[in-house]
Amino acid sequence: MPRITVVGAGYVGLTLAVGMVKLGHRVVLLDSEPSRLDFVVMGKVPFMEPGLEEELGHALVSSRLQCRAEPQPDDCPEFVFLAVGTPQSSAGAADTTGVFQAYGTVINATRPPFVLVIKSTVPVGTGDSIESDLARRKIEGVDVVSNPEFLREGSALQDFLRPDRIVIGAATQGAAGKVAALYGKIPAPVMFTSRRSAELSKYAANAMLATRISFINEIASISEALGADIADVAAVIGSDHRIGPAFLAPGLGWGGSCLPKDIAELRHAALSHGCPADLLAAVAQVNSGQAAHAAGMLEAATSGCTDPTVGVLGLAFKAGTDDVRGSPSFRVIERLVGTGIAVRAHDPSCSSATALPWGVEYCADPHEVARNADALVVATEWPAYRELDWLRIRRAMRGTLILDGRNYLGDLSLAALGFDYRAFGRPSRDDLGGRSENHISGDGKLRVAVEHQG
Ligand code: UGA
């Protein structure tokens, strides 16, 4: 049974540790943050991740998962995974301080031979830098391998157990084969690449996803201007097997802790190596324009109102998570508050004790955000919002504008309740005539109304 050490008990590290135990391996999970470690040792997951807590419980009961703050001499791992965060620095580049700190801790405490696997999303060349440091310090017997993750928050464990592919970037076939063997029970193709290609693949994948979203948002703006309906346009292009339907949901744009920082790092790396990366710049620009466009519509609806107020439904960067990092909702709220508009907000994943910035009032009941609101924006595509008492909301509001920031309420006929219903890239209420049955859900899945002829 291979012995694995995982450094970092965040979304990636905890999912990896629990997943590796589920695959039959023995894992030591290290995290230097006492509060996080206390949680995990008690079988609690310190963030919202469906299914993870249950599997963490099984892993702890099996005794094949040990959690501690520091490595111990008798750990003797054959594999050490670095799974710590690489946040965005002020210059846009990824901050790899945590990765090098983790590497330093491990290398001082672990006797070779072992394989050092970089799971964190790191700038291209990080594996090479670590390898050079090992050579400089004359440490032999440590293979450095890149094994990027493609987990989505909200379905991380499922994505670990059923990935589209496993990517392994290594300098030697021996090291690559050892890492591949760890995933032997997972029914997915293993793709072997150079270490630099593996590192870049992760950034390129996130950049591709962001590009698709910005593309569909740009087409949504063009649809709006030309009187077309983005739901139909996205359904049509997504049904082309060369294009596919995923990540074509228009709305407030992409956010989270990964896409924004990874696009920034990729641009930074490209520019510092003389590549203009114009497309990435445009992708980011279109994305920030979505929040500005939304805020503009909401501001217009409150103009001239006494004590202008907007209700915001949804704070998480997407449904299924309690993560508000890089959330498009906050981008809109910041703009509204900046122009003197009061904001009342709700999110099903936040507790009523949530302290919101900029004096935003938190409402424990989603209907409450509508009280005397001049306009409402639905910023996160929580399924529960589809079940709200919309007539009650309409009656509680002072104004009538509802902006569907995720284009997923179109089939609720909110206009019939007296709302001025707006979504991105859809014709005005009068033009729409309730004809389109195509519908895009927040995860990019298209519900397409297709009539077969003959
Ligand atoms: C993303 C990638 O999808 C994962 O493959 C990757 O492993 C992860 O980053 C990471 O680098 O760790 P995640 O941050 O969980 O995962 O979020 P996504 O599901 O990709 O969504 C990103 C944003 O795009 C969200 O704000 C979402 O609402 C938005 N989005 C998504 C759209 O606006 N339209 C869509 O059609 C799809």
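Computed from heavy atoms alone, side chains included, the values below leave out hydrogens, waters and symmetry copies. Whatever order the structure lists them in is the order used to number ligands and atoms, beginning at 1. We count residues from 1, following the sequence as given.
- Checked by distance only, ligand 1 and F317 come closer than 3.5 Å through their nitrogen or oxygen atoms.
- The distance from ligand 1 to the heavy atoms of G253 drops below 4.0 Å at these ligand atoms: 26 (O), 33 (O).
- Remark: aromatic rings of Y11 and F47 are close, center separation under 6.0 Å.
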Item to check | Full working for side chain to side chain contact (heavy atoms under 4.5 Å, CB included) between D374 and V310 | outcome: CA-CA 6 Å; D374 301 296; V310 168; 5.7 Å; no
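- The residues R422 and D420 are annotated as salt-bridged, a charged nitrogen and a carboxylate oxygen being separated by less than 4.0 angstrom.
- Close approach to D262 involves these atoms of ligand 1, each under 4.0 Å from a residue heavy atom: 11 (O).
- In this pair, W390 and F419 present their aromatic rings perpendicular. The plane angle is above 60°, beyond the 30 to 60° band.
- Heavy atoms of other residues, nucleotides or ligands lying less than 6.0 angstrom from CZ of R152 number 12 at most.
- Within a 6.0 Å radius of CZ in F192, more than 12 heavy atoms belonging to other residues, nucleotides or ligands are found.
- Within 6.0 Å of NZ in K178 there are 12 or fewer heavy atoms belonging to other residues, nucleotides or ligands.
- In terms of polar-atom proximity, E149 is counted as a contact of ligand 1, with an N or O under 3.5 Å from an N or O of the ligand.
- Scanning K202, K318, R325 for the heavy atom closest to atom 11 (O) of ligand 1 points to K202.
- Backbone and side-chain nitrogen or oxygen atoms of G255 are examined, and one is located within less than 3.5 angstrom of a nitrogen or oxygen of ligand 1.
- Here is the list of ligand 1 atoms found below 4.0 Å of a heavy atom in L248: 36 (O).
- The shortest separation from a heavy atom of R212 to ligand 1 is not under 4.0 Å, leaving the residue out of contact.
- Residue-ligand proximity, L209 to ligand 1, at heavy-atom distances under 4.0 Å covers atoms 2 (C), 3 (O).
- At under 3.5 Å, not a single nitrogen or oxygen of W254, backbone or side chain, sits near a nitrogen or oxygen of ligand 1.
- Ligand 1 has a nitrogen or oxygen under 3.5 angstrom from a nitrogen or oxygen of N206.
- The option with the heavy atom closest to atom 30 (N) of ligand 1, from among N407, D164, I213, is I213.
- Ligand 1 lies nowhere less than 4.0 angstrom from a heavy atom belonging to G251.
- Atoms of ligand 1 found under 4.0 Å from any heavy atom of L259, numbered from 1 in the order shown, are 1 (C), 9 (O), 22 (C).
- Because its NZ or CZ atom is both nearer than 6.0 Å to the ring centre of F150 and within 45° of the ring axis, R165 counts as a cation-pi partner of that residue.
- Looking at ligand 1, you'll find an N or O of L151 within less than 3.5 Å of one of its N or O atoms.
- Of the polar atoms of R152, none of the N or O atoms is found under 3.5 Å from an N or O of ligand 1, judged by distance alone.
- Of all atoms in ligand 1, listed by their number and element, those nearer than 4.0 Å to a heavy atom of R406 are 28 (O), 33 (O).
- Ligand 1 has a nitrogen or oxygen under 3.5 angstrom from a nitrogen or oxygen of A249.
- No close placement of the H25 and Y183 rings is indicated, their centers lying 6.0 Å or farther apart.
- For the pair T121 and ligand 1, the shortest N or O to N or O distance does not fall below 3.5 Å.
- Each of the following atoms of ligand 1 lies closer than 4.0 Å to a heavy atom of E153: 15 (O).
- Between L315 and I333 the shortest heavy-atom distance is CD2-CD1, 3.7 Å.
- With respect to D411 and R386, a salt bridge is recorded, a charged nitrogen being found less than 4.0 Å from a carboxylate O.
- Between E368 and R344, none of the side-chain N atoms (NZ, or NE/NH1/NH2) sits under 4.0 Å from a carboxylate O, so this pair counts as no salt bridge.
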